[in-house]
Protein chains: 2
Amino acid sequence: MGSMARTTGSHSGITGPKIRTAALELFAKHGFAAVSMRQIASEVGVQAGALYNYTPDKQSLLFDLMQSHMTELLAALSDEDAAQPLEMLEQFVRFHIAFHHERPEAVFIAYMELRNLTPENFALIEDLRGQYENRLQNILIAGQASGAWTVKDAKIATFAVIAMLTGVNTWFRSEGRLSLSEVQDQYWQMVRSAVGG
Amino acid sequence: MGSMARTTGSHSGITGPKIRTAALELFAKHGFAAVSMRQIASEVGVQAGALYNYTPDKQSLLFDLMQSHMTELLAALSDEDAAQPLEMLEQFVRFHIAFHHERPEAVFIAYMELRNLTPENFALIEDLRGQYENRLQNILIAGQASGAWTVKDAKIATFAVIAMLTGVNTWFRSEGRLSLSEVQDQYWQMVRSAVGG
DNA sequence: GTCTATATTCTGATAGAC
DNA sequence: GTCTATCAGAATATAGAC
């Protein structure tokens, strides 16, 4: 606003995003309950009281991070229903691995901090997760109907595939022995075989 | 012994195990950092100070629970190396599902609270987990060598299979539509197909 | 072995100055 | 929008009586 320089605080105009980033990293590293508002403020470079200009409370901060993640996940998963079931399944497998690899902290929080949500917030996040799982389940059901594969129970296969794919985040590192696309290739081969395609 | 009745406290002679049980349930439900020593004591029926007759601190309580779980897991996994690879793999799949189903709280803690361990304790638990993973990896390598299946990378397949199997705990309930043995059957079929057996 | 009492530190959140 | 100061309560862990 053309005024003189301020003496303290961040005043950078991007405190909001910085709070979200700091909270994401700290919650992922130490867990929601183990992180204090003062720690988050310290990471951002402001005092604890300043956080409350951006979030009504700590719970809302957690919920917003999880909701954003799940919403982005659903938005990024394109639904090209015109494709063949086998192509749709392959697309899902490669997408899931790549998307989750790009945001390990958000993935970690979305799976680990569900029990720290209020019942209302928990229900909202679980609904979003259910929508995502349904996208895969619908692909598996379509492939059953078309005879593209032989999987017995689409519901079980949905859980199995998602657990298997999400597990990549626990061990895969870009700097390691394998490239992301090699990992995608091998998981796609395993998923394809597992459903009998 | 033989004295008059006491006025307060549990004095049941099994306070130690009760503390472990209460801590296991509370840590699984709310998370290690979110549970106080007072809550654990209240669940047991003693005052908080009494807990320190059984554990030097909260961290040791968590570590003991995780170490016990991993040790029992390794001990329960029999290694009948005489069997064929395909039989060994099937045995592993059915064992993993059944064992984890019987102790969901311990499994949950062993996966979720790793970040709340001190570096020294973390290394010890990770070593035990590595031993367990190696048991599966050795089976997969043996099957590669004998031509029992065609899986490309035994390391990746190990991670994929364990993640898939552990995921059962997130959705399977005994009271539901499927029995445990039906679930074991379907997961075994998926694993067998996934490795190309 | 458990109790009560306490030390010390930290917690989430708020009020009011600037 | 951020600061400082503060409230009210809860945390882990310990000391000493019984």
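Just so it is clear: chains get the letters A, B, ... in the order the sequence lines come, proteins before strands, and each one is counted from 1. Please read all numbers here as calculations on a predicted model, not as lab measurements.
Listed candidates were C:dT2, D:dT2, D:dA13. Nearest to the side chain of B:Asn53 is C:dT2. Here C:dT11 is the nucleotide among D:dT2, C:dT2, C:dT11 with the atom lying nearest to any side-chain atom of A:Ser36. You'll find that the side chain of B:Gln47 is closest to C:dC3, out of C:dG12, D:dG1, C:dC3. Picking from D:dG1, C:dC3, D:dA13 the nucleotide with the shortest atom distance to the side chain of B:Asp57 gives D:dA13. Among C:dC3, C:dA13, D:dA13, the nucleotide with an atom closest to any side-chain atom of B:Ala50 is C:dC3.
As a whole-Å value, the separation of A:Arg38 CZ from C:dA13 C1' is 9 Å. Going from atom CZ of A:Phe32 over to atom C1' of C:dG12 covers 10 Å, rounded to whole Å. The nearest whole Å value for the distance from the CG atom in A:Leu61 to the C1' atom in C:dA13 is 14 Å. Spacing between atom CE of A:Met37 and atom C1' of C:dT9 amounts to 19 Å, rounded to whole angstrom units. The separation between A:Leu62 atom CG and C:dG12 atom C1' is 15 Å, rounded to whole Å. The distance between atom NZ of B:Lys58 and atom P of D:dA10, rounded to the nearest whole Å, is 15 Å. Rounded to a whole Å, the CD1 atom of A:Ile40 is 17 Å from the C1' atom of D:dT2. Protein atom NE2 of B:His30 is 12 Å distant from nucleotide atom P of D:dA11, rounded to whole Å.
Between A:Thr15 and the phosphate of D:dG1, there is no side-chain N or O to OP1/OP2 separation shorter than 4.0 Å. Of the side-chain N and O atoms in A:Tyr54, one or more sit less than 4.0 angstrom from OP1 or OP2 of D:dT2.
At a cut-off of 3.5 Å, with distance as the only test, no side-chain donor of B:Gln189 or B:Asp185 sits close to an acceptor on the other residue.
Tested against B:Phe92 for a ring pair (Phe, Tyr, Trp, His ring centres under 6.0 Å), the candidates B:Tyr132, B:Tyr187, B:Phe99, B:Trp188 yield a single pass: B:Tyr132.
Looking at every heavy atom in both residues, B:Thr118 comes nearest to B:Gln59 through N-OE1, 3.0 Å.
Checked for salt-bridge contact, B:Glu90 and B:Arg94 meet the test: a charged N lies under 4.0 Å from a carboxylate O.
Cation-pi geometry between A:Arg115 and A:Phe32 is not met: the NZ or CZ atom fails to fall both under 6.0 Å from the ring centre and inside 45° of the normal.
Map A:Ala34 and A:Pro56 each onto its nearest nucleotide of DNA chain C; the residue landing nearer the 5' end is A:Ala34.
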